[in-house]
> 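Quick one: this structure, given as structure tokens, is what I'll be asking you about.
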Amino acid sequence: MVRFRGEQMKAFFRQWQLQSMVIPGIVWMVIFCYLPMFWLVIAFMDYSIAKPMLESPFVGLKHFEAFVSDDRFWRSIRNTLGMSSIKLILGFPIPILFALLLNEIRSLRFKRTVQTISYLPHFIAWTIFGGIALNWLGEGGVINQLMMAIGLQDREILFNSDAKYFWWITFFTDTLKETGWSAIIYIAAISGIDPGLYEAAELDGAGRWQRMWHITVQSIRPTIAILFILAVSGILGSNFEQIFMLKNNMNMKMAESLDLYIYNMGLVSGRHSFSTAVLFARSIVSLGLLFMANQTSKKLTGDSIF
Amino acid sequence: MKRNSVKRSLTLLLTAMLSLSLAACSGNSANNESAPTAAPPADATAAPQEEATLNPDEPAWKLDTSPIDLTWFVGANWYAHSWGESLTSKYVTEKTGVNVKLEVPSGEANEHITLMMTSGQLPDLISMGSWETAVKKLWEGDHVFALNELADQYDPYFYKVAGDGTLKWYRQENGNTYGVPNDSYSPNLMHETGMTAANQTFLVRKDLYEEMGSPDLSTPEGFLGALQLLKDKYPEYKGQPMSPFFAQGNVPYGMTEYLQNLLAVPHEKDGKVYDRVTDPEYLTWLKTFRTAYERGLINVDFLVDSDTQVEEKTNNARYFMMIREWTGMTAVNPLLAASANPDSYYIAVDGPQNSKGDSAKLFPGNMDGWMVTMISKSTKNPERAIRFLSYLASEEGQQDLFLGKEGETWETVDGKPQLKADMVNLIASDIETLEKQYGVLDTYWMMRNPVIVNQWRPEKAPVIKQMEDFANSQADIDSGIYKGLDPLGDSEVAVAWSRISQNWEEVLPELITAKDEAAFDKVFASFLERRDDYGFQQVVEFRQAGLDARKTKMAN
């Protein structure tokens, strides 16, 4: 923790204009992230939206029992973990590699163009991007035509109808859409590295690979660690919009993530208490994961969030 | 140095998080909505002096035509019309003083209205699909006015125009009626007019079907034969592969309820609600689809395609057979008939039938209608709202909204109101202008009463009429009573049913893609077992109780 000393306090008040800019953010967070926590109590009630909250009867752990005893809940846990693991293990390094490669490009104009193009898909909503992806995956789509042209397939495959492809479809579409955007934070971190370090290393005879490994990667290590810790704690989350767009009755076995389960079994029927109970349980596990990842990272690399 | 870099990355991270968290957090907080703030004010004491002048035979809206704004929520996210630009809406506003502000949900109507309920701020008028769970919540949660109470107080004329039958149909146990339906059809009316509002049809592409020699599709053999012929002779159309088969609404609708109707699977046997999924005729046909899939005659695209993909294939006439409502084809069919290949439009024919060769028993329109319209207790002007509703329900209001303004959009021919010829031409050529600029016909359907407006409806194009007539001829007029017997909402039985039906959605594709009949039987048997585990018995009892209650209601 940072301890405020007299001088720091003085500096703080001297910059009050700048410091006050954070207030809207704090207010927003209190209203939308902290106050709603109070309503977690409905997880223990039979809450009906048509009545005032306090009139709803307390039912204890009824809703928790309901989902723990549901085989579909466990299936959704498996799917969530499966998709998150692929994303974490294979997907996590991709933006880092992308940022490193981009950093090695000499031509500033080319670098900027590539960067802009790569993060543009991030701004397309999943409802649209998912629709485009579905067309690519369809019988007459790009992927089938490509595979048939290079002779890897002899007939069209409906990729989206086979559950075994689903995790990979989510992984590839997500990578395609988000790599450029996720790389921004690394690119920013890289740009903050003192150029003197590179100059000194070059004088000492370090080659490009050595500079990349010993200077760039080492300098952005804390950023990597923090993002990794957060990624681990988010392992029970999934991209609802993406999965909602790409799922169908035939790939549901592998597609129903925890979020989709909550939607299908909870929100669709208006079971708000049930949904809250599942979310509540998930938050507790996620918090545990966050602590675990943080401690591990602290032990191994010395970098941590808290 | 190290500490600095940690700080720097934290700053970077915070910036990134702030920019992202707006999207992320709001998604999660959807479950944690705030509790209702206050009960909506019930304004029941206003304007006692007017009561003296209320006459049950006189529309009360004429008493007060001062300008007023009423917000109207239409629970259909695809509804794209506005009020105030079209000729019709301007005319109605001028006449009654009521300016409507239409609101549509950005996503799911049910969720949208639920959110509004928690905030206690509802629009003045609400139209919602009669099957939506939120409708019941609005009624039970006392969020909307009892229309009979408002009518007693402000506009007894309402009883005269709203129709005793529909008011009775929606009367709750406490004696109140909270909503008026549109498109509500009583069996008597259907018998009388032959207009049944049935929209289920089995469609084939005319040119291919006729080139094949109009094969018999009503038996499994004929069905498979036609598919084989299609595969051998017409695998492609305009350079794209043909899709041999499509079923609207995917598993729960097209391949279940709808297909069962085509096979005339009964709803009831000896007074007991029949378990239609286990019907042997239905299973025979599911096995036929399995065989077709095994032989490569159909693909599973109809089970996985997104709406856009379906639309694209439809617009390019790439389907051969479709289990599809004709109402969804009214825009496409005339276009196909006017295309370079004018015979590539779709016609209704006899599709799959049971082994006895019975003709289909299609769902007709029913008493529930399509949407119900309610007046919320958030409104500051309940008296204007009820008067406006009774105006819209009356013959005058129906005529104003459906035909527009006399002399401009319609004229009297042989003593009967009739749309002008240029309007009728627009129906085929430019329906968008017709609805946007003039706002006649089905633009504002929230209070549409088919009994009244169908007499003014212009004759439909032949390519549409063929499908409609086919559906009408096969409608099972008295089956409206069986529609929507399944439990909805968050009760235990509703949850059981939702688990069963969601499971069925996954099981049916497995049945069709099963490698042989033995595998099919095994998958189906395990579904039946799971269904019992999930509490199917409760659902059966619920359906039975619902049906019995409806029968008593109809008898009274």
Side-chain angles (χ1 to χ4, degrees), chain A residues 25 28-29 32-33 35-40 42 48-54 70 72 130-131 134-135 138-140 156 158 160-161 184-185 188-189 192 219-223 226-227 230 240 245 248-253 262 264-272 274-276 279 302-303 305, chain B residues 2 5-6 8-10 12-13 15-16 18 21-22 25-36 39 110-111 114 117-118 133-134 136-138 140-143 240-241 243 250-251 299-301 303-306 308-309 312 488-490 494-495 498-499 502-503 505-506 508-510 513:
Chain A
W28 175 85
M29 209 147 78
F32 288 101
C33 293
L35 289 184
M37 282 187 199
F38 172 66
W39 275 272
L40 284 174
I42 69 170
S48 160
I49 205 134
K51 281 186 292 190
M53 196 177 81
L54 294 173
D70 186 357
R72 240 172 90 191
L134 285 179
N135 269 327
E139 309 118 294
E156 292 99 353
L158 263 174
N160 214 30
S161 72
I184 289 182
I185 194 162
S219 306
I220 63 169
R221 213 182 59 194
T223 314
I226 287 167
L227 287 177
L230 290 181
F240 177 79
M245 277 307 292
N248 58 50
N249 288 328
M250 294 200 74
N251 59 27
M252 194 60 118
K253 276 191 269 323
I262 293 171
N264 283 339
M265 286 313 300
L267 291 182
V268 166
S269 340
R271 296 163 79 196
H272 297 92
F274 178 84
S275 316
T276 311
L279 274 176
D303 297 320
I305 302 182
Chain B
K2 186 157 166 212
S5 56
V6 173
R8 196 164 53 229
S9 355
L10 269 175
L12 283 169
L13 190 73
T15 341
L18 273 177
S21 52
L22 255 174
C25 264
S26 57
N28 293 336
S29 56
N31 293 2
N32 305 331
E33 307 109 350
S34 54
N110 226 354
E111 278 168 33
T114 309
M117 245 189 282
T118 40
T133 45
K136 249 194 147 174
K137 286 191 177 149
L138 283 168
E140 285 165 3
D142 206 27
H143 291 283
Q240 295 263 41
S243 278
N250 218 305
V251 177
N299 205 339
V300 281
D301 57 337
L303 294 171
V304 302
D305 276 352
S306 65
T308 9
Q309 286 169 304
E312 195 246 316
L488 291 173
D490 58 355
V495 170
S498 139
R499 290 176 81 186
Q502 287 186 19
N503 189 245
E505 286 183 38
E506 290 180 38
L508 189 132
E510 279 179 41
T513 56

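Reminder, nothing fancy here: chain letters follow the sequence lines and each chain counts from 1.
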> Who wins among B/Ala134, B/Pro241, B/Pro509 for the most heavy-atom pairs under 4.5 Å with chain A?
B/Pro509
> Working note: A/Glu139 + B/Gln309, criterion side chain to side chain contact (heavy atoms under 4.5 Å, CB included); need CA distance, chi angles, decisive distance, verdict.
CA-CA 11 Å; A/Glu139 309 118 294; B/Gln309 286 169 304; 5.9 Å; no
> Measuring heavy-atom distances to chain A, does B/Asn299 have an atom under 4.5 Å in its side chain, in its backbone, in both, or in neither?
side chain
> For A/Asn251, is it the side chain, the backbone, both, or neither that has a heavy atom closer than 4.5 Å to a heavy atom of chain B?
neither
> Do the non-hydrogen side-chain atoms of B/Arg499 and A/Asp70 ever get within less than 4.5 Å of each other?
yes
> Checking side chain to side chain contact (heavy atoms under 4.5 Å, CB included) against B/Ser306, which of A/Asn135, A/Leu134, A/Asn160 comes through?
A/Leu134
> Would A/Met250 and B/Thr513 satisfy side chain to side chain contact (heavy atoms under 4.5 Å, CB included), going step by step from the backbone distance to the final call?
CA-CA 10 Å; A/Met250 294 200 74; B/Thr513 56; 3.7 Å; yes
> From B/Glu506 CD over to A/Asn249 CG, what is the distance, rounded to the nearest 0.5 angstrom?
7.0 Å
> How many angstroms lie between CG in B/Asp301 and CG in A/Asn248, if you round to the nearest 0.5 Å?
11.5 Å
> Over all heavy atoms of both residues, which pair between A/Asn264 and B/Gln502 is shortest? Give the atoms and the distance, please.
O-NE2, 3.0 Å
> With respect to chain A, which residue among B/Val495, B/Val251, B/Asn250, B/Leu303 yields the maximal number of heavy-atom pairs within a distance under 4.5 Å?
B/Val495
